[in-house]
Structures are given as structure tokens and as C-alpha cells.
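Data first, discussion second: the structure below is written as C-alpha cells.
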Amino acid sequence: AYENNFDFLTVVHTNDMHGRIMYNASNKEMGLAKISGLTNQARSKNPTLLIDLGDTFHGTNYVTMNKGQAAVDAMNALNYDAMVPGNHDFNYGQDRLLTLRDELHFPLISANIRKDGKPFLDKYTIIEKDGKKIALIGLTATDTAEKTNPAGIEGITFEDEVTVAKEMVAKLRKEVDVIAAISHSGLTTDKNIANEVEGIDVIFGGHSHDTIETPTKYKHAYVTQAFEYGKALGNTNIIFHKGQLIGVNGFLYRDSETKQEDPQVATLLQSYKEAIDKELNVVIANTSVHLDGDRRNVRTKETNLGNLITDAMRETLGTDIALTNGGGIRASIAAGDVTRNHVLTTLPFDNTLVRTTLTGEEVKAALEHSVRLYPEENGGFLHVSGLSFTFDPSKPAGNRVGEVLINGQPLEEATAYSVATNNFTAVGGDGFEMFKAENIEFDSGELLSTVLIEALQSSVSIPVVEGRIIAK
Ligand code: ATP
């Protein structure tokens with residue numbers, strides 16, 4: 001790899017795969033077999049590292065039905081060098097994440113996660129390649145604390161990424177030739193690190209699903225990120241001249257027919273695919289209309305799917321109202337035959353249906369919390385049943401909600417209402433602090449996906465968007 005005293009270290013990087021391990025031509029998701037092929041190509045040219053920036057083990061049935069195992073096995077086959085966990089890698093709970101960590105043939109690292117005050121994982125790893133020492137420092141988004149089911153992260157805290165990066169650089173700078181942060185912190189934080197932390201050379205990012213076509217230099221470091229779902233694959237070159245790091249460049253691969261699958265990895269994936277597809281492709285219901293679970297819609301407004309799910313939740317438990325977070329609804333369902341696969345892709349979180357209590361005052365506070373970021377997309381945007389309300393987006397957050405009707409009657413602040421919700425919101429997920437774990441009457445153990453399947457199978461017609469949530 002030497003040309004006129006220049007040499008290159010290539011870093012191939014994936015982020016926010018969300019379980020997209022299989023090739024999916026229509027979504028332009030390359031899948032891990034193509035990613036392996038491209039990585040092997042890079043390895044044949046330069047010394048190469050392969051890293052993953054988190055949100056990997058959860059998101060499609062191919063990984064959720066085996067709690068991340070298929071992704072671990074495939075990543076081992078690709079010979080990844082390191083990974084940082086993202087917020088969604090806690091979706092099966094911290095114990096499961098540690099089990100998966102133990103099965104990886106490469107380090108899972110993060111420097112800013114603490115469990116009962118001690119490091120939860122190894123903070124960093126040092127890799128030697130081509131006579132150079134490269135330190136990789138893991139960083140996980142601090143907002144994991146609010147975005148993840150609180151039950152899965154008990155005792156865990158996330159420390160400020162910039163502060164921790166500074167500490168790590170002070171410790172490692174003299175020992176190594178390159179310091180890279182591998183960060184599931186989002187682009188805004190990555191830019192802050194690049195501007196504030198002297199001594200970091202490059203930041204490989206994830207979490208915000210940003211597309212950076214070629215690494216961008218900020219005050220101290222280069223920043224890059226490769227979109228999502230394996231629709232892009234980062235290929236970043238760290239460039240040395242006479243042994244000194246002089247710059248970083250790179251590009252993103254995208255899918256095309258010329259990209260070949262690594263046959264060994266493809267065979268491994270195929271074995272998972274066949275077993276799971278058999279279970280998933282059974283048609284379980286039919287819908288005459290398109291059910292709207294588009295991320296932009298379910299995180300900002302009422303949709304027919306949000307209404308269908310919350311109506312079914314309320315009816316199943318016989319509560320006054322039902323509330324569920326739009327961020328938990330992850331895909332639309334097209335008109336026509338509905339398979340288990342469609343439903344589980346729409347509701348992938350394994351959330352259970354929970355009955356709890358809120359006072360009228362707390363219901364109102366929850367609605368304020370739901371629309372506080374409007375018109376910005378917000379995973380905590382609530383879909384509602386048994387309830388309708390107006391809000392005024394021109395007013396300051398916390399003071400937007402106008403009239404609230406519960407089953408047609410004005411909300412009474414002092415009244416206790418029974419509420420059907422999911423086990424994520426019920427314990428304060430998405431920052432809904434008015435939902436208190438001690439007020440849970442019971443967790444039905446029934447999956448939201450099962451509740452939706454039953455609603456689709458019943459003769460109940462699909463609710464329309466009827467003005468439950470009105471911005472005015
Ligand atoms: P990424 O975009 O990489 O997935 P992110 O932090 O941006 O990471 P989002 O996709 O925005 O995550 O999803 C976050 C939202 O997902 C949360 O706001 C919440 O509404 C929902 N969510 C997360 N975990 C759960 C869960 N266990 N159950 C239900 N909803 C969840």
C-alpha cells in the first residue's frame with residue numbers, strides 16, 4: 001500500500017443497521033453478505049478495520065426473533081474489529097446485551113456507560129495494523145437514558161460524551177498513532193467532540209442516520225457517518241505520510257448489482273432466513289386500507305394505524321383511555337394480505353399491554369409532553385383512544401394543550417382515569433414522568449403486536465383519522 005511514502009489505513013464502517021442483515025434489493029439495503037464482499041475488497045488493497053457504530057441487534061424479525069443472535073453470528077463471520085452499542089442494543093435488556101457481547105469475537109466497547117458507578121463495558125480497544133497503533137474509543141448517546149425502556153437499563157448511567165472523550169484522549173494519546181472515536185452519539189455531538197476535544201483524529205458516527213459522503217474536518221477531527229440500514233457503507237481512509245497522519249478521506253458504497261455477496265456469509269444468513277421466513281410469511285389477516293405507520297406521520301400526528309392500535313388496547317383492557325408512543329410504531333402496513341412479518345415489523349419492540357392510572361391533571365401533562373416538540377418528529381408523540389384534544393403549536397411547550405375531552409366529557413383534573421398503555425411508556429419511557437411504575441395495576445403480558453393482530457382479525461372496521469388530535 002505504499003506509494004511515494006504515503007500509506008493508507010482503511011476503515012469500513014456500518015451504523016444503524018437495525019437488524020438489516022439480509023440483502024433487500026427493493027429497499028437498497030446491502031445486507032451483511034454484500035458488506036462482507038466489499039470489506040474483503042478493501043482488505044485486499046489496504047490494511048483495513050471493520051467497525052460497527054451501534055443500533056445493530058434489533059429491528060427486523062431476522063434478529064428480534066433470536067434476540068440478536070443472527071447478527072452476532074454474521075458479524076463474527078465478517079471478522080469485525082470492534083463495535084459500540086447504541087440505544088437500541090439495550091432493547092432486550094442489559095443482561096442480554098452482555099450475553100451477546102460474550103459471544104462476539106471482537107470487543108464491544110463504550111467509555112461513557114456506567115453500571116452502579118463502574119464501567120459497564122471495556123472503554124476502548126487498541127488495534128495494531130501495519131505497524132501502527134489505533135485506539136478506538138466507544139461512546140454511546142446519553143439520550144439512551146430516556147429513549148430506552150427503563151427496565152432494560154436499571155442502574156446504568158450515560159456520561160457526557162465530550163467530557164469522557166477528553167479523559168480518554170488524555171490517557172491514550174501518547175500510546176498510539178491514531179485515536180478514533182466510535183460513536184453512537186449522533187452527528188451534533190460528534191461535531192462537538194470534533195471541535196472541543198484536541199487529540200482525536202477521526203470520529204465514526206451513528207445514531208442520527210446522517211449521510212456524510214466524504215469525511216468532514218472540524219477543528220480537531222474528521223467526522224463521518226454512513227446513513228442507515230446498510231443502504232450505505234462507509235469506506236474511510238486514514239492517510240499517512242512518512243508515518244505521520246496527514247488527513248482523512250473516503251466515500252460511501254451503495255448497493256448495485258455489481259456488488260457481490262460473500263458466499264460464505266450468504267449461506268449462513270440463508271439458514272436463518274429460511275427458518276424465520278417460514279414462520280413469518282403466514283397470512284394472518286387482511287386490511288382493505290393502507291395503515292399509516294410512516295415515521296414522519298406517527299411522530300407528529302394522528303393516523304389510522306395509531307387509532308387502530310390504541311382502540312384495540314383500550315377495548316382489550318376496558319379502560320377509559322389508551323395512549324401509545326408513535327416511536328413504537330415503526331412501519332406502515334399496505335392494503336391487502338397481512339402477514340405476521342408485517343405486524344412484527346410495525347411493532348418490533350415486544351411491548352406488552354399494561355393497565356395503569358393517571359389523574360386528569362397527569363393526562364393533560366402527558367399530552368403537553370407529547371406535543372412539546374411539535375412540529376418536530378418525536379418518538380414520544382402519543383396516539384390516543386377514548387380521548388380528543390386540541391393544541392396550539394404557536395404557544396410555548398408545556399402550555400399548548402387546549403380542550404381535552406375524555407369520552408366526550410371535559411377532562412377533570414382531579415379524577416383518576418384508567419389507562420391502557422405499553423410497558424415502555426408505563427414506566428416513564430420517552431420522559432413521561434407522570435407515568436409511575438407504582439401506579440401500574442397490571443402488565444397483561446399480552447404483546448401489542450398480538451393485540452393488533454386480533455384487531456385485524458376481528459370484524460371491527462379500521463378507524464379513520466377523525467380529529468382526535470388537532471393542531472390549531
Ligand atoms: P435510531 O434513529 O438510531 O433508531 P434514535 O434514538 O433516533 O435511534 P428513534 O428511531 O428515534 O431512535 O427511536 C426512538 C423512539 O423509539 C423513542 O422515542 C421511543 O418512542 C421509541 N422506543 C424506543 N425503545 C422503545 C421500546 N422499548 N418500546 C417502545 N418504544 C420504544
Side-chain angles (χ1 to χ4, degrees), residues 14-20 52-60 63-64 67-68 83-94 96-97 139-154 158 161 183-190 205-211 225-231 293-300 306 309-310 313 323-331 344-354 366 369-374 376-383 421-432 435 443 447-449 451-452:
T14 49
N15 60 277
D16 300 280
M17 293 288 286
H18 290 270
R20 271 42 174 210
D52 182 77
L53 289 316
D55 277 5
T56 308
F57 296 144
H58 182 271
T60 63
V63 293
T64 54
K67 293 196 164 33
M83 168 180 170
V84 61
N87 44 310
H88 286 291
D89 298 310
F90 285 90
N91 281 359
Y92 311 113
Q94 54 183 293
R96 178 63 184 165
L97 180 57
L139 294 169
T140 301
T142 50
D143 65 10
T144 303
E146 298 98 55
K147 282 190 158 176
T148 306
N149 190 337
I153 51 169
E154 249 172 72
F158 299 86
E161 297 96 333
S183 162
H184 190 88
S185 307
L187 183 59
T188 306
T189 303
D190 290 345
H207 190 41
S208 49
H209 298 222
D210 277 290
T211 303
Q225 192 172 149
F227 196 27
E228 63 181 7
Y229 307 157
K231 291 192 241 180
D294 187 290
R295 178 181 174 114
R296 286 160 299 187
N297 296 335
V298 287
R299 293 177 181 225
T300 56
I309 293 169
T310 47
M313 292 166 73
L323 303 169
T324 203
N325 59 311
I329 303 173
R330 311 290 288 195
L344 294 180
T345 304
T346 294
L347 296 172
F349 283 118
D350 279 355
N351 288 132
T352 52
L353 180 63
V354 168
H369 189 71
S370 168
V371 299
R372 75 194 188 284
L373 299 173
Y374 183 92
E376 219 177 278
E377 286 175 14
N378 167 23
F381 182 87
L382 293 176
H383 293 266
T421 188
N422 64 65
N423 64 334
F424 171 75
T425 308
V427 294
D430 273 328
F432 280 98
F435 283 83
D443 185 329
L447 292 174
L448 243 46
S449 51
V451 174
L452 176 57

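Order of appearance sets the numbers: ligands from 1, and atoms from 1 within every ligand. Computed from a predicted structure; not experimentally measured. Positions are given from 1 along the sequence.
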Side-chain donor-acceptor pair present, D143, N87, cut-off under 3.5 Å: no
Validation row, ring centre F349 to ring centre H58 under 6.0 Å: yes
Any D89 side-chain heavy atom under 4.5 Å of T56 side chain: yes
Set of residues that line ligand 1, where lining means a heavy atom lies under 4.0 Å from it: D16, H18, D55, N87, H88, K147, N149, H207, H209, R295, R299, N325, G327, G328, R330, F349, N351, G379, F424, D430
Heavy-atom closest pair, residues G205 and D190: CA-OD2, 3.4 Å
Atom NZ of K231: over 12 foreign heavy atoms under 6.0 Å: yes
Any residue meeting side-chain hydrogen bond (donor to acceptor under 3.5 Å, both in side chains) with S208, in chain and number order, not counting sequence neighbours: D210, Q225
